[in-house]
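For reference, the structure is listed below as structure tokens.
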Amino acid sequence: MKSKFRSFLIVLVLVVFTAALVACSSPAAPTDAPVVDEPVAEEPVAEEPVAEEPVAEEPVVEEPMEVMDFVTWYQYDENNEDPASDERVGNAYLKKTIPEFNADFAGKWNWVNVPKAWDKMTQELVAAVIAGGDVPDLIELGGQQTITYINNGALMDLSDWAKAQSWYEDLDPGAIITCTGPDGGLYCIPTAERPALTYVWAEHYPDGYPTTPEQFMVEAERLKSEGTYAWTYFGSTAYDGSGTGRMVWSLISSFGGTYDDGQGNMLLNTPENVAAIEFLRETIAKEYQPETVFAGGFVEEDSFKDSSAAAIPTGLFGYRYINPLTAPDGTKYEKGNENDMLDAIADGKVVMRPMFAPEGQTPGCNLDIQGFGIPTGAKNVEAAYDYINWIMSDLDRHVEFVIGPGAGFPSLKSAQSHPDMQTPFYQQAAIAVNASVCTNWAGSLERPAEAAPAIMNAVYKLVKEDPSLDIATELQSVQDEYNANN
């Protein structure tokens with residue numbers, strides 16, 4: 001027992017002693033809070049970006065632009081390939097250029113032409129505008145038709161758009177005036193100027209075409225003795241008084257006469273007008289022209305074609321319809337197209353001269369233009385703008401148009417020196433035009449469609465139906481009747 005108890009005591013002492021040693025060798029711990037190991041701050045480790053699989057984007061599918069029809073009214077028909085057609089030049093031009101325009105504006109415009117009769121187009125468009133019907137995007141027109149369109153609200157004012165175009169400053173001022181309305185707006189874009197002049201068989205007038213009425217009467221009597229008419233011309237009342245702006249206006253304006261007072265009123269009863277009609281009455285009484293001048297239907301041209309008439313006052317572009325030709329010396333030009341006259345001019349058989357005028361007066365003539373108008377209510381005005389710029393911004397294309405359907409001198413001044421303008425035809429035409437003062441016959445008259453037949457009917461009555469009538473009295477009557485409706 002004693003030995004076991006003694007062993008227990010010895011072990012207990014050793015345990016206490018060991019614990020004391022451990023306590024003495026360890027630092028004293030704070031008595032107010034337990035010891036907490038502070039975490040060691042570690043540098044953040046940059047994470048490798050996770051490569052994302054690319055998301056395939058849906059392709060953007062653009063809707064194709066809708067091709068819009070660009071509709072025009074021309075007096076020409078690209079589907080008419082008849083070489084004998086009076087309008088073959090314009091027909092062929094459209095046949096060539098419609099595909100070219102469509103190619104240049106592929107995916108945007110498709111040019112569709114609707115042929116219209118030249119003497120019906122104005123009435124059709126005005127009727128369509130008034131009725132709110134379908135109208136073209138662009139219409140071919142002549143200068144004297146413009147006022148009729150304007151009076152009926154059938155054309156857009158193009159002033160602001162035109163003045164912003166690069167070619168505007170190059171336009172001949174006279175052509176701009178012809179397209180300008182009473183309100184100062186620009187209602188058409190002139191493409192070609194069409195002055196009137198006289199085509200002359202040079203052999204019939206070996207000393208040159210007369211420059212005064214007195215010289216004409218002498219030469220006319222000589223030719224009559226040789227079995228030849230001094231001239232032939234459009235003297236009928238056909239086509240709603242179309243003759244008003246033809247030879248009759250060239251003669252009256254050359255005598256210093258007029259149809260208007262510049263303020264919109266008709267002015268017929270003037271000494272100059274009376275003198276011109278007295279002169280015309282005398283030439284008719286002496287049979288210096290064929291009877292066909294009063295027939296209508298342009299049959300008066302036949303006398304120039306066979307050279308039985310020595311001269312024909314007509315529009316610059318009239319040569320296209322005067323064929324085939326036989327010169328006074330028997331030379332034949334028988335292609336049956338416009339080249340007949342061009343060849344005769346190149347050969348010196350035909351020359352082009354101004355109307356004769358009394359001493360102290362400058363020869364006059366009618367000035368018409370060919371141009372483009374955009375009708376009120378057109379669906380694709382932007383197409384019309386593109387087309388006009390297509391013609392006017394390229395001199396080669398502009399001249400091609402002028403020589404084709406334009407049938408005149410270029411309205412762009414810079415185009416007049418183009419190589420294609422340096423031909424015998426244009427050189428001869430320049431002789432006549434440069435010696436004349438050409439103005440549009442309608443002047444300030446705001447109802448030319450009414451004035452034309454009234455004037456031509458009066459002239460026809462005075463020189464053909466009843467030459468015994470007093471000229472001044474008849475002119476005053478027509479003048480008063482027109483002005484009563486102003």
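Quick caveat: nothing in here was measured; it's all calculated off a predicted structure.
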Using the side-chain contact (heavy atoms from CB on, under 4.5 Å) rule, take Y187 and L158 through it: C-alpha gap first, then chi angles, then the decisive distance, then the call.
CA-CA 6 Å; Y187 289 91; L158 305 178; over 6 Å; no

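- Counting only distance, with no hydrogens or angles, the side chain of N323 and the backbone of L325 share no donor-acceptor pair below 3.5 Å.
- In summary, the aromatic rings of Y93 and Y74 are positioned with their centroids too far apart to meet the 6.0 Å limit.
- Annotation for Q123: atom CD counts as buried by contact number, over 12 foreign heavy atoms lying within 6.0 Å.
- Contact check for Y319 versus M352: no side-chain heavy atoms found under the 4.5 Å cut-off.
- Aromatic ring orientation, F294 versus Y233: perpendicular (interplanar angle above 60°, classes split at 30° and 60°).
- Residues N113 and T72 bring a donor and an acceptor atom of their side chains to less than 3.5 Å of each other.
- Between I312 atom CD1 and Y229 atom OH the span is 14.0 Å, to the nearest 0.5 Å.
- To the nearest 0.5 Å, atoms CG (L462) and CZ (R281) are separated by 5.5 Å.
- A distance of 12.5 Å separates CD1 of I322 from CD of E338, quoted to the nearest 0.5 Å.
- Atom CG of N486 has more than 12 heavy atoms from other residues, nucleotides or ligands within 6.0 Å.
- Every residue two or more places apart in sequence or in another chain was checked for a salt bridge (charged side-chain N to carboxylate O under 4.0 Å, His left out) with E221, and none qualifies.
- Two residues are said to be in side-chain contact when any heavy atoms from C-beta on lie closer than 4.5 Å; I139 and K116 fail this criterion.
- Between P363 and M355 the shortest heavy-atom distance is CB-O, 3.1 Å.
- In summary, K413 and E169 do not engage in a salt bridge, as defined by a charged side-chain N under 4.0 Å from a carboxylate O.
- Figure legend: cation-pi geometry between R246 and F234, with NZ or CZ positioned under 6.0 Å from the six-membered ring centre and within 45° of its axis.
- A distance of 8.0 Å separates CD in E465 from OG1 in T237, rounded to the nearest 0.5 Å.
- Minimum interatomic distance between P190 and L171 (heavy atoms only, all atoms of both residues): O-CD2, 3.8 Å.
- Formation of a donor-acceptor pair under 3.5 Å by the E282 side chain with backbone atoms of E278 is not found in this model.
- With contacts defined as side-chain heavy-atom distances shorter than 4.5 Å, the pair P83/N337 does not qualify.
- Note on K96 versus E400: salt bridge recorded, some NZ/NE/NH1/NH2 to OD/OE distance being below 4.0 Å.
- Other residues, nucleotides and ligands place more than 12 heavy atoms under 6.0 Å from the CG atom of D170.
- Using modelled atom types and a 3.5 Å distance limit, the side chains of T244 and W441 yield no donor-acceptor pair.
- Classified by interplanar angle (parallel below 30°, tilted 30° to 60°, perpendicular above 60°), the ring pair F304/W201 is parallel.
- The CH2 atom of W167 lies 14.0 Å from the CG atom of D394; values are rounded to the nearest 0.5 Å.
- Taking the side chain as every heavy atom from C-beta outward, F279 and L251 approach each other to under 4.5 Å.
- Taking all atoms of both residues into account, the shortest heavy-atom contact from C179 to I369 is SG-CD1, 3.7 Å.
- With sequence neighbours excluded, no residue forms a salt bridge (charged side-chain N to carboxylate O under 4.0 Å, His left out) with E87.
- For the pair R320/R88, no side-chain contact is recorded, criterion being any heavy-atom separation below 4.5 Å from C-beta on.
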Can W73 and E124 be said to form a side-chain contact (heavy atoms from CB on, under 4.5 Å), step by step?
CA-CA 11 Å; W73 282 8; E124 285 195 41; 4.1 Å; yes

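- Taking the six-membered ring where the residue is Trp, the centroids of F401 and F372 are separated by under 6.0 Å.
- No side-chain donor from either of W109 and N380 sits under 3.5 Å from a side-chain acceptor of the other.
- A donor-acceptor distance shorter than 3.5 angstrom exists from the side chain of Y199 to the backbone of L316, with no hydrogens or angles considered.
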Apply side-chain contact (heavy atoms from CB on, under 4.5 Å) to the pair Q165 and I189, showing each step before the final yes or no.
CA-CA 11 Å; Q165 307 310 307; I189 303 300; over 6 Å; no

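- Counting only N and O atoms by type, the side chains of D77 and N91 include no donor and acceptor under 3.5 Å apart.
- A donor-acceptor contact shorter than 3.5 Å is absent between the side chain of E300 and the backbone of G296.
- Interatomic distance, CD1 of I345 versus CD of Q427, reported as 11.0 Å (0.5 Å rounding).
- Checked by atom type, the side-chain pair N151/E446 shows no donor-acceptor distance below 3.5 Å.
- The number of heavy atoms from other shown groups lying within 6.0 Å of CG (D160) does not exceed 12.
- For T191 and Q370, the side-chain atoms include at least one donor-acceptor pair closer than 3.5 Å.
- Donor-acceptor pairing under 3.5 Å is lacking for the side chains of N440 and T178.
- The shortest distance between side-chain heavy atoms of T376 and Y149 does not fall below 4.5 Å.
- Summarising the geometry of S444 relative to D261, their closest heavy-atom pair is OG-OD1, 4.4 Å, with the distance given to 0.1 Å.
- Side-chain atoms of N269 do not come within 3.5 Å of backbone N or O of L475 as any donor-acceptor pair.
- In this structure, R194 contributes its side chain and F317 its backbone to no donor-acceptor pair below 3.5 Å.
- Using cut-offs of 30° and 60° for the angle between ring planes, the W390 and W111 rings count as perpendicular.
- Heavy atoms only, all atoms of each residue included: D396 and H418 are closest at OD1-NE2, 2.7 Å.
- Considering only heavy atoms from C-beta on, Q145 stays 4.5 Å or farther from M121 through its side chain.
- You'll find the side chain of N152 stays beyond 4.5 Å of the side chain of V129, heavy atoms only.
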Please report the C-alpha distance between V248 and Y460 in whole Å, then the side-chain angles of each, then the deciding distance to 0.1 Å, and finally whether the side-chain contact (heavy atoms from CB on, under 4.5 Å) criterion is met.
CA-CA 10 Å; V248 172; Y460 184 84; over 6 Å; no

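- Between the side chains of D470 and T473, at least one donor-acceptor pair of N or O atoms lies under 3.5 Å.
- Although no hydrogens or angles enter the test, the distance criterion places a donor-acceptor pair under 3.5 Å between the side chain of S254 and the main chain of G364.
- Aromatic pair F105/F70: ring centres not closer than 6.0 Å.
- In summary, the aromatic rings of W231 and Y205 are positioned with their centroids too far apart to meet the 6.0 Å limit.
- Of the possible polar contacts, one joining the Y426 side chain to the G408 backbone as a donor-acceptor pair under 3.5 Å is found.
- Around atom CD of E481, no more than 12 heavy atoms belonging to other residues, nucleotides or ligands sit under 6.0 Å away.
- Relative ring orientation between F101 and Y387 is described as perpendicular, the plane-to-plane angle rising above 60° on a 0-90° scale split at 30° and 60°.
- D137 places a side-chain N or O within 3.5 Å of a backbone atom of K379 that can act as its donor or acceptor partner.
- For the pair N273 (side chain) and T258 (backbone), a donor-acceptor distance under 3.5 Å is present.
- Nearest heavy atoms, G256 versus Q361: CA-OE1, 3.7 Å.
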